[in-house]
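Every chain is numbered from 1 and lettered A, B, ... according to where its sequence line falls, protein lines coming before strand lines.
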Number of protein chains: 2
Amino acid sequence: MSRTQRSQLRPPRPGIRGRGIPEATVARLPLYLRALHALAERGVATVSSEELAAAAGVNSAKLRKDLSHLGSYGTRGVGYEVQYLVYQISRELGLTQDWAVAIVGIGNLGRALAHYGGFASRGFRIAALLDAAPGVVGQTIAGITVEPIDDLERVIKEQGVSIAVLATPAGPAQLVCDRLVAAGVTSVLNFAPVVLSVAEGVHVRKVDLSIELQILAFHEQRKSGGTVMDAERLVRELDAVDAVDAVDATEAAGEAAEAAEAMEGMRQ
Amino acid sequence: MSRTQRSQLRPPRPGIRGRGIPEATVARLPLYLRALHALAERGVATVSSEELAAAAGVNSAKLRKDLSHLGSYGTRGVGYEVQYLVYQISRELGLTQDWAVAIVGIGNLGRALAHYGGFASRGFRIAALLDAAPGVVGQTIAGITVEPIDDLERVIKEQGVSIAVLATPAGPAQLVCDRLVAAGVTSVLNFAPVVLSVAEGVHVRKVDLSIELQILAFHEQRKSGGTVMDAERLVRELDAVDAVDAVDATEAAGEAAEAAEAMEGMRQ
DNA sequence: CCGACTTTGTGCGTACGTTCACAAAGGCGT
DNA sequence: ACGCCTTTGTGAACGTACGCACAAAGTCGG
């Protein structure tokens, strides 16, 4: 029923192409790296894409395609040399140099992160711990003394920190983030339950326990959800019919609204 | 440059369509929910897709499409009623019921998670803490007594736990996971740096600090990477040329190998 | 030195996700 | 009552990701 023909849509991007590795691939490289380290420790010299894929929990075609983005390492009929591949991936990920990391917010989580050995092991060095609470400042955690948040700018610059871990409460998170960025930090790993806004060129990754749990709850409900067939779910399934049109949608909304009215205690 | 023009590609079947909400959408719903809660607390009654999208850090078209998967809530010309939308999303995510959660492995991380208030707030109740260390068992953390890992099966069943948080070291993770699943757990939030293998129908989500940092390091390197132009990077860029063929790839591998040989201290 | 076998690297079709742009829908002022 | 203005919901284009399947490339036994 589409009457509008829109044909001369011009993509303004000519395509600078060839620039980089797909984000999805980058996200998997650490996985491969870990599997390779495990193999290396067991003295394995070479590994096939099939084996490595199994160890990393992906399928082998995907692994091969991922690795092909780094270059043509690997020998047909044999596989990949473990040590060599470790080096190539490490290099691509930027792990052949050391990164100074600062952890801001030394609550329960910050403390746990400071103790976590996985950091130091591969290219990351905890260069500073920062907190605002007077009771925490001065404490020594994992061999590092917690410094006051007021010294943030000085510490970041002195230590050459470019990656920061934000483990403060939600309240001060944006403010602290702004100060970090102003002081020279260009990558932030954010544990605070807020959406950070940062200048272009600054990378933020978010880890949110609450969100992860909610996603699990969704699937959990799906599993046991076949039993509960309420008005709303019914309505949604009517929507799913192919011949749906605007009238249906309107009615659906109306019925759903009724269902909602029938319900009282809305969790605030 | 695409030379193959593929015009009359017929999608043979749209599929059984209408079955479910896209995974990407599900992952964003908690984000919207959080933004909505914040708005509700400030007493906001209705919100436009533009405003809500800004609060959640996504673009408005995406938000509208996401919400459209739940049904046709929202009024044209006005926006969405905050309270109502909160209810709809909560319901879709399965947060209108309470989920019993068990945390296994009460190290620094497990402790931090147990203290984290974000759990209890919305539909999740920490029903049990479990650990293997005699020194930890019996401790009371956030009002909950740590129970011995031997009682895992009993505790899971007694409390009706279906979602477990795995915060053990890598070593015992798979074993513990197997026991959890055998005891009835069907969703696992895994903090251990291992790839868990589980039976079909069990959902696993992974949170890995080390991986997140490595991804950041990759981008960090990219930013400052313009300066370092070594043989390998050069080779990779030759690869990026359109007219690349097998010969190029082979040479690239060869040269890269030389570069690697020149390097000695491979980080193990 | 050759032929069989193994495994990589990738072209291709499909599915999924994102973004644009706009018609439809509804409120609101006059 | 009507037309203007705002905002939703969505069709369609575009881009990314995935996985199959296979030719190319290399090893290894004889």
Which nucleotide wins on minimum distance to the side chain of [X], given the candidates [options]?
{"X": "B:R28", "options": "C:dT18, D:dT8, D:dC18", "value": "C:dT18"}
{"X": "B:S48", "options": "D:dT7, C:dT18, D:dG19", "value": "D:dT7"}
{"X": "B:V78", "options": "C:dA21, C:dT18, C:dG27", "value": "C:dG27"}

(Q) Base, sugar-phosphate or nothing for B:A61? Non-hydrogen atoms, less than 4.0 Å. (A)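 If one applies the 4.0 Å heavy-atom cut-off, B:A61 turns out to touch a base.
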Short side-chain N/O contact from [X] to OP1 or OP2 of [N], under 4.0 Å:
{"X": "B:Y80", "N": "C:dG26", "value": "no"}
{"X": "A:S72", "N": "C:dG9", "value": "yes"}
{"X": "A:S49", "N": "C:dT7", "value": "no"}
{"X": "A:K65", "N": "C:dT10", "value": "no"}

Q.
Nearest 0.5 Å, please: how far is CG in A:L63 from CG in A:L52?
A.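 That separation rounds to 5.0 Å.
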Return the value, rounded to whole Å, for the distance between atom [atom1] of [X] and atom [atom2] of [N].
{"X": "A:I21", "N": "D:dA17", "atom1": "CD1", "atom2": "P", "result": "12 Å"}
{"X": "A:E51", "N": "C:dT6", "atom1": "CD", "atom2": "P", "result": "14 Å"}
{"X": "A:L63", "N": "C:dG9", "atom1": "CG", "atom2": "P", "result": "10 Å"}
{"X": "B:D66", "N": "D:dT8", "atom1": "CG", "atom2": "P", "result": "14 Å"}
{"X": "A:E50", "N": "C:dT8", "atom1": "CD", "atom2": "C1'", "result": "12 Å"}
{"X": "A:L52", "N": "C:dG9", "atom1": "CG", "atom2": "C1'", "result": "15 Å"}
{"X": "B:N59", "N": "D:dT7", "atom1": "CG", "atom2": "C1'", "result": "15 Å"}
{"X": "A:E23", "N": "C:dT18", "atom1": "CD", "atom2": "C1'", "result": "15 Å"}

Q: Could you verify whether a donor N or O on one side chain and an acceptor N or O on the other, from B:Y87 and B:Q83, lie under 3.5 Å apart?
A: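 Result is no, nothing qualifies.
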Q.
Within the 3.5 Å criterion, strictly below it, is a donor on A:S224 or A:E220 matched to an acceptor on the partner's side chain?
A.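 No, no side-chain donor-acceptor contact under 3.5 Å.
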Q: Taking all heavy atoms of A:L196 and all of A:C177, pick out the closest pair and write down the distance.
A: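 In terms of heavy atoms, the two residues are closest at CD1-SG, 3.9 Å.
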Q | Which residue lies more 5' along DNA chain C, comparing B:R76 with A:R64 via nearest heavy atoms | A |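 Its nearest nucleotide being more 5', the pick is A:R64.
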Q | Residue mapping more 5' on DNA chain D - nearest nucleotide basis, A:G77 or A:K62 | A |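 In this pair, the answer is A:K62.
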(Q) Just so I know, are the side chains of B:D208 and A:L31 near enough to count as touching, which here means a heavy-atom distance under 4.5 Å? (A)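 Not touching, per the 4.5 Å side-chain cut-off.
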